[in-house]
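Chain naming here is simple, since letters A, B, ... match the order of the sequence lines and numbering starts at 1 in each. What's counted below: heavy atoms across the whole structure, side chains too, no hydrogens, waters or symmetry copies. Quick caveat, the model's predicted, so the values are computed rather than measured.
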2 protein chains.
Amino acid sequence: MKPGDTYTPHDCRPVGEILNQIGGKWTVLIITRLKHGPMRFSELKRLIGGISQKVLTATLRELEMNGFVTRTVTPSIPPRVDYELTDLGRELLVPLDAVSEWALANRQRVLDARKAFFEQNPDAVPPRIGQVATLIHSGNSSDSSAPVAGG
Amino acid sequence: MKPGDTYTPHDCRPVGEILNQIGGKWTVLIITRLKHGPMRFSELKRLIGGISQKVLTATLRELEMNGFVTRTVTPSIPPRVDYELTDLGRELLVPLDAVSEWALANRQRVLDARKAFFEQNPDAVPPRIGQVATLIHSGNSSDSSAPVAGG
DNA sequence: CAGAATCCAACTGGATACTG
DNA sequence: CAGTATCCAGTTGGATTCTG
């Protein structure tokens with residue numbers, strides 16, 4: 001875009017829809033968790049940690065609807081359900097994984113930035129929008145009560 | 001990972017924190033909107049559309065705390081506030097933009113998958129988790145009341 | 001084990017009014 | 001214009017209980 005041009009937000013809207021799908025609080029975590037192959041419901045739940053059964057079920061259902069994962073029921077006793085990435089899901093995994101990697105690689109920088117910010121604005125109060133930001137104020141976070149993610 | 005290995009979710013947790021930060025409903029939109037340079041509050045609001053002033057303010061504040069954007073106040077009358085990506089923000093933009101691009105490029109495939117799913121499960125009800133999924137059921141979506149995003 | 005259903009507190013975010 | 005403060009309805013999601 002050359003300076004002077006008016007930036008036309010042409011195809012912005014449609015993307016927002018999809019982003020809402022893949023930008024859910026847990027979507028990235030789930031999809032990256034399925035990176036290495038199919039996984040059972042309980043495995044996912046345990047690996048992710050901090051997600052309730054209700055929400056995990058709902059999120060998986062949504063991922064299924066959007067064609068990112070398949071749901072395979074094995075009618076044994078006890079029953080067994082496996083979730084696996086579809087081709088579409090595996091493709092989405094690529095950029096999502098990049099985000100995940102970035103987050104892992106730059107965690108400390110963000111933490112530092114946050115620390116610096118609060119040193120300069122001692123009385124600033126972290127706004128809560130959208131999903132919870134688990135680390136919020138607390139400088140460090142060897143705290144293991146936080147949600148999960150990564151690669 | 002070789003088969004037989006137990007997948008160790010080593011550094012999963014910390015990343016989740018960061019993901020929560022950048023995975024907010026509007027974060028991706030805002031950051032990609034700042035791609036081409038600084039932008040005023042009202043510009044952002046208009047470009048994004050569908051975001052309330054309260055939430056935009058809060059989200060920007062959070063981005064600022066995390067070191068992704070700077071906030072520059074020009075004490076004129078009327079006042080003027082510009083937001084701009086920091087170095088950290090510009091780095092984050094890279095993977096985030098990739099996600100955005102992917103969403104744009106694959107919108108139709110997701111829509112098709114959704115359509116197919118609902119044809120097979122006529123009585124399925126889209127679960128609502130996390131942020132709203134604006135397109136939900138409705139087959140197509142030339143509907144322009146949806147949120148925003150993209151490149 | 002996987003998940004559906006119910007209950008309910010907590011939080012979110014929109015609308016509105018007001019300020020510098 | 002940019003933002004804060006307040007009010008408040010709607011939604012979310014955790015806990016719990018129950019089923020095949």
Side-chain angles (χ1 to χ4, degrees), chain A residues 20 23-27 29-30 38-65 69-84 121 123-134 136 145-148, chain B residues 20 23-27 29-30 38-65 69-84 121 123-134 136 145-148:
Chain A
N20 277 342
K25 183 174 181 182
W26 304 103
T27 353
L29 309 198
I30 294 177
M39 198 164 265
R40 299 184 60 168
F41 184 87
S42 47
E43 282 181 294
L44 273 173
K45 185 164 187 321
R46 183 164 25 80
L47 267 182
I48 292 179
I51 190 173
S52 70
Q53 178 255 4
K54 179 180 173 180
V55 171
L56 179 55
T57 303
T59 309
L60 283 170
R61 202 68 89 229
E62 200 175 34
L63 289 176
E64 192 192 354
M65 288 176 178
V69 306
T70 56
R71 177 172 178 274
T72 310
V73 182
T74 308
S76 52
I77 295 182
R80 173 195 181 101
V81 180
D82 286 279
Y83 293 90
E84 184 171 17
N121 312 51
D123 46 352
V125 177
R128 320 322 260 8
I129 13 79
Q131 39 261 339
V132 191
T134 319
I136 295 284
S145 71
V148 188
Chain B
N20 277 342
K25 183 173 182 180
W26 304 102
T27 350
L29 310 197
I30 294 178
M39 197 165 265
R40 301 184 58 170
F41 184 87
S42 47
E43 283 181 293
L44 273 173
K45 184 166 188 323
R46 184 165 25 79
L47 267 180
I48 292 180
I51 190 173
S52 72
Q53 181 254 22
K54 178 180 174 180
V55 171
L56 179 56
T57 303
T59 309
L60 283 169
R61 203 68 88 229
E62 200 175 36
L63 289 176
E64 193 193 355
M65 289 176 177
V69 306
T70 55
R71 177 172 178 272
T72 310
V73 182
T74 308
S76 54
I77 295 181
R80 172 195 181 100
V81 180
D82 287 279
Y83 293 91
E84 184 172 16
N121 313 51
D123 46 353
V125 177
R128 324 313 265 13
I129 13 77
Q131 41 263 339
V132 191
T134 319
I136 294 285
S145 70
V148 187

B/Ser76 side chain to B/Pro78 backbone, donor-acceptor under 3.5 Å: yes
Can you tell me if the side-chain N/O atoms of A/Arg40 get under 4.0 Å from OP1 or OP2 in C/dA2? yes
Residue-phosphate contact under 4.0 Å: B/Arg80 side-chain N/O, D/dG3 OP1/OP2: no
Drop me the distance from B/Thr57's OG1 to B/Phe41's CZ, to the nearest 0.5 angstrom. 3.5 Å
Please report the distance, rounded to the nearest Å, between CZ in B/Arg46 and P in D/dC1. 10 Å
Measure from the side-chain heavy atoms of A/Pro79 and tell me the nearest of C/dG3, C/dC1, D/dG14. C/dC1
Round to the nearest Å and state the distance from A/Met39 atom CE to C/dA2 atom C1'. 16 Å
Rounding to a whole Å, what distance do you find between B/Lys25:NZ and D/dT12:C1'? 13 Å
Rounded to whole angstrom units, what separation is found between the NZ atom of A/Lys45 and the C1' atom of D/dG14? 10 Å
Separation of C/dA5 P from A/Arg61 CZ (nearest whole Å): 11 Å
OP1 or OP2 of C/dA2 sitting under 4.0 Å from any side-chain N/O of A/Ser42? yes
Between A/Arg71 and C/dA2, is there a side-chain N or O to OP1/OP2 distance below 4.0 Å? no
Please report the interatomic distance CH2(A/Trp26) to OG1(A/Thr59), rounded to the nearest 0.5 Å. 8.5 Å
For B/Lys54 and A/Gln53, take the nucleotide of DNA chain D holding the closest heavy atom to each; which residue's nucleotide lies nearer the 5' end? B/Lys54
Report the distance from atom CD of B/Glu64 to atom C1' of D/dG3, rounded to the nearest whole Å. 13 Å
How many Å lie between CD1 on A/Ile48 and P on C/dA2, as a whole number? 13 Å
Nearest to the side chain of A/Thr57 - D/dG3, C/dG3, C/dG14? C/dG3
Distance, nearest 0.5 Å, that separates CG of A/Leu47 from CG of A/Leu29: 11.0 Å
Separation between CE (B/Met65) and CG (A/Asn121), nearest 0.5 Å, reads 7.5 Å
Calculate the interatomic distance between A/Glu62 atom CD and D/dG13 atom P; express it in whole Å. 10 Å
